[in-house]
2 protein chains.
Amino acid sequence: MKEPKKYHIIQEYIKKRIQGGEYAIDSYLPSENDICKKFGTTRTTVRKALDELLKEGFIAKEHGKGSKVIARRKSLGLLTIKGFSGAIDYEVDTILTKKPDISTWDPVIAFALTEEEERSACVYFQRVRHINGSPVVLENNWYALNALEMIKPDDFIDGSFFKTLSQKYFIEVMGAEQELRAITASEEIAKSLKIATGDPILHISVRFRTSKPNLNLYGDLYCKTTDYPIRNTYFG
Amino acid sequence: MKEPKKYHIIQEYIKKRIQGGEYAIDSYLPSENDICKKFGTTRTTVRKALDELLKEGFIAKEHGKGSKVIARRKSLGLLTIKGFSGAIDYEVDTILTKKPDISTWDPVIAFALTEEEERSACVYFQRVRHINGSPVVLENNWYALNALEMIKPDDFIDGSFFKTLSQKYFIEVMGAEQELRAITASEEIAKSLKIATGDPILHISVRFRTSKPNLNLYGDLYCKTTDYPIRNTYFG
DNA sequence: AAGTGGTCTAGACCACGCG
DNA sequence: GCGTGGTCTAGACCACTTT
């Protein structure tokens with residue numbers, strides 16, 4: 001019944017090649033006319049596919065030059081470590097403080113789990129992000145084991161879970177919901193972030209939705225915002 | 001030299017009518033074919049115009065039914081009061097605690113002003129948002145007087161500055177940058193929000209960019225997040 | 001001048017919602 | 001069945017970038 005749409009086929013074809021590194025970042029895609037020939041279609045359809053990739057943040061269009069593959073940095077809320085002020089200027093190191101392991105769902109998760117997730121065991125891991133050698137974010141993560149095999153410590157690409165998902169599993173983060181609160185640091189958190197117990201801390205609970213049905217990523221973050229406030233940008 | 005683009009003309013035509021209330025919220029726009037006839041063009045062009053309005057968050061498309069005008073609620077960061085958890089369920093009251101008046105730029109503003117703004121006087125006002133009768137957000141706002149006349153207390157539509165801008169001046173908020181910090185409440189803030197001095201508070205500094213060149217809105221918010229955490233959602 | 005993306009025309013057929 | 005939006009074709013001309 002459901003005919004696959006041509007533009008969608010083209011879109012996914014190109015996306016896989018970007019995710020796999022075949023179309024490298026900062027390089028240009030084949031021209032619209034070349035893509036037309038390859039898929040035996042018209043520019044309208046090819047442009048629709050490219051428009052989708054543009055919306056998803058995989059490419060940028062340059063009039064007279066071509067469609068350039070860009071580092072995916074669509075501001076997905078505050079969580080992408082790139083969302084930090086000057087994450088590009090500063091050196092951000094990610095340390096895996098608790099290796100991925102099978103665990104039970106933690107009650108701190110601020111979102112209701114699906115029935116599917118309730119039934120499944122979950123994978124838990126913890127990381128601490130450092131800027132200039134000092135810890136700024138403590139991050140707990142969970143996901144349902146029945147939606148994705150257990151990730152191995154070596155699988156993290158540059159300490160990033162999202163990059164791993166994209167390049168190894170071709171899974172993209174599609175959206176997120178988050179809850180922010182200002183709280184005082186518990187003893188444990190204070191210790192991890194090298195601050196005093198009772199200092200104000202930004203607490204972020206987040207659920208990421210992915211392109212893989214049933215796979216959500218849950219996060220629980222504690223951010224020391226005194227030196228590095230959380231910054232983000234939205235645009236029309 | 002610069003030919004006005006047809007789709008852009010159509011886009012602006014419809015936008016003005018939505019902003020002015022001529023195309024009411026929850027009503028349907030004329031069909032694509034009707035718009036084609038009205039402007040003597042083809043569906044490709046009309047659909048391009050509608051796509052832009054879709055991206056801007058003015059309309060939603062419903063297959064088989066039409067294009068519906070929606071309340072503009074594009075998640076522009078955390079600041080739209082609608083970003084609060086259940087702002088639709090709870091009753092949000094906005095109280096103007098300091099009427100718009102000419103002032104000097106406050107040094108708490110976390111963003112660099114343009115030269116144009118530096119030269120201009122600025123308009124300052126303060127509001128407190130209440131949910132169920134209890135204060136949850138203290139909000140300071142500034143904008144350059146030379147970019148927009150001084151707004152009058154009666155001009156606020158439902159206590160909203162954005163609605164006023166849209167419906168009275170046809171100015172839309174195009175984007176925002178913000179900085180978030182967890183801090184402890186000063187005596188003054190504690191008093192306004194009826195909490196204890198030293199309680200953790202979420203501080204948000206924001207700059208809104210508008211469709212009117214040179215007009216930026218600066219905000220400085222203090223949010224009591226214990227009972228009403230800030231929530232927001234992103235989608236692919 | 002040649003190649004790229006941006007806009008636009010004038011059609012066609014399909015999938016969805018509703019009476 | 002009819003009107004709506006969704007997809008697609010096969011062209012055309014324009015604006016921008018590079019050689």
Side-chain angles (χ1 to χ4, degrees), chain A residues 1-15 17-18 22-70 174 235-236, chain B residues 1-15 17-18 22-72 174 235-236:
Chain A
M1 277 290 99
K2 299 214 302 186
E3 286 279 305
K5 289 155 204 162
K6 267 197 178 183
Y7 79 82
H8 196 249
I9 293 168
I10 300 171
Q11 176 189 348
E12 293 303 316
Y13 174 92
I14 295 172
K15 190 194 287 185
R17 266 147 197 83
I18 292 173
E22 210 164 323
Y23 292 153
I25 285 169
D26 282 339
S27 70
Y28 289 89
L29 295 183
S31 77
E32 296 181 353
N33 281 314
D34 286 349
I35 300 173
C36 289
K37 282 174 208 154
K38 179 171 186 69
F39 287 94
T41 184
T42 56
R43 271 186 72 210
T44 312
T45 302
V46 168
R47 284 177 62 77
K48 169 79 174 162
L50 295 179
D51 272 358
E52 294 298 318
L53 292 168
L54 188 67
K55 278 192 227 167
E56 292 185 73
F58 285 98
I59 64 170
K61 296 199 156 201
E62 297 175 9
H63 195 171
K65 297 181 77 177
S67 298
K68 187 191 258 183
V69 179
I70 56 175
M174 307 298 286
F235 53 94
Chain B
M1 275 293 98
K2 297 215 300 187
E3 286 278 305
K5 289 156 204 164
K6 268 197 177 183
Y7 79 81
H8 195 249
I9 293 169
I10 299 171
Q11 176 189 349
E12 293 302 317
Y13 175 92
I14 295 172
K15 190 193 289 185
R17 266 148 197 81
I18 291 174
E22 208 163 326
Y23 291 154
I25 285 169
D26 282 339
S27 70
Y28 289 90
L29 296 183
S31 78
E32 296 180 354
N33 280 315
D34 286 349
I35 300 173
C36 289
K37 280 173 208 154
K38 178 170 186 71
F39 286 93
T41 184
T42 55
R43 271 185 72 208
T44 312
T45 303
V46 168
R47 283 177 64 76
K48 169 79 174 163
L50 294 179
D51 272 356
E52 294 297 318
L53 292 169
L54 187 67
K55 277 193 226 168
E56 291 186 75
F58 285 99
I59 64 171
K61 297 198 155 200
E62 296 175 9
H63 195 172
K65 297 181 75 176
S67 298
K68 186 191 260 184
V69 179
I70 56 175
R72 204 150 172 280
M174 306 300 285
F235 53 95

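Each chain gets a letter, A, B and so on, in the order its sequence line appears, and its residues count up from 1.
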Protein-nucleotide distance (A:Glu32, atom CD; D:dC16, atom C1'), rounded to Å: 13 Å

Mind calculating the distance between CD1 (B:Ile35) and P (D:dG3) to the nearest angstrom? 17 Å

Side chain of B:Thr41 - closest among D:dC8, D:dT4, C:dC8: C:dC8

Could you check if a side-chain atom of A:Lys37 sits within less than 4.5 angstrom of a side-chain atom of A:Val46, using non-hydrogen atoms only? no

Please determine if a side-chain N or O atom of B:Lys61 lies less than 4.0 Å away from the OP1 or OP2 oxygen of D:dG6. yes

Earlier contact from the 5' end, DNA chain C, for A:Leu50 and A:Thr44: A:Leu50

Quick note, A:Arg43 side chain, CB onward, closest among C:dA12, D:dA10, C:dG5 is C:dG5

note: B:Lys6, atom NZ; D:dC13, atom C1'; distance rounded to Å ~ 14 Å

Has B:Thr42 got a side-chain N or O lying under 4.0 Å from the OP1 or OP2 atom of C:dG11? no

Identify, between A:Gly64 and B:Asp34, the residue whose nearest nucleotide on DNA chain D lies closer to the 5' end. B:Asp34

A:Asn33 CG to C:dG5 P: how many Å, rounded? 7 Å

If I take atom CG in residue A:Asp51 and atom C1' in nucleotide C:dG5, what distance separates them, rounded to the nearest angstrom? 11 Å

Hey, does A:Tyr7 reach any base, or is it just sugar-phosphate, or nothing, if we go heavy atoms under 4.0 Å? sugar-phosphate

When rounded to the nearest 0.5 angstrom, what distance separates OG in B:Ser27 from CD1 in B:Ile18? 8.0 Å

Look at the side chain of A:Lys5 and decide which nucleotide, out of C:dA15, C:dG17, D:dC8, has an atom nearest to it. D:dC8

Given the rule in the side chain to side chain contact (heavy atoms under 4.5 Å, CB included) test, do B:Ile35 and B:Ile14 qualify, once you have shown the distances and angles that lead to the verdict? CA-CA 10 Å; B:Ile35 300 173; B:Ile14 295 172; 4.1 Å; yes

Sugar-phosphate only, base, or nothing, as touched by A:Ser31 at under 4.0 Å among non-hydrogen atoms: sugar-phosphate

Point-to-point distance, once rounded to the nearest 0.5 Å, from CG of A:Asp34 to CZ of A:Phe39: 12.0 Å

In whole angstroms, how far is the C1' atom of D:dT7 from the CZ atom of B:Arg47? 8 Å

Quick one: is A:Lys65 getting a side-chain N or O under 4.0 Å of the D:dC16 phosphate, OP1 or OP2? no

How long is the line joining NE2 of B:His63 and P of D:dG5, in whole Å? 9 Å

A:Ile59 CD1 - C:dG6 C1' separation (whole Å): 14 Å

Can you tell me how far NZ of A:Lys61 sits from OH of A:Tyr28, rounded to the nearest 0.5 angstrom? 13.5 Å

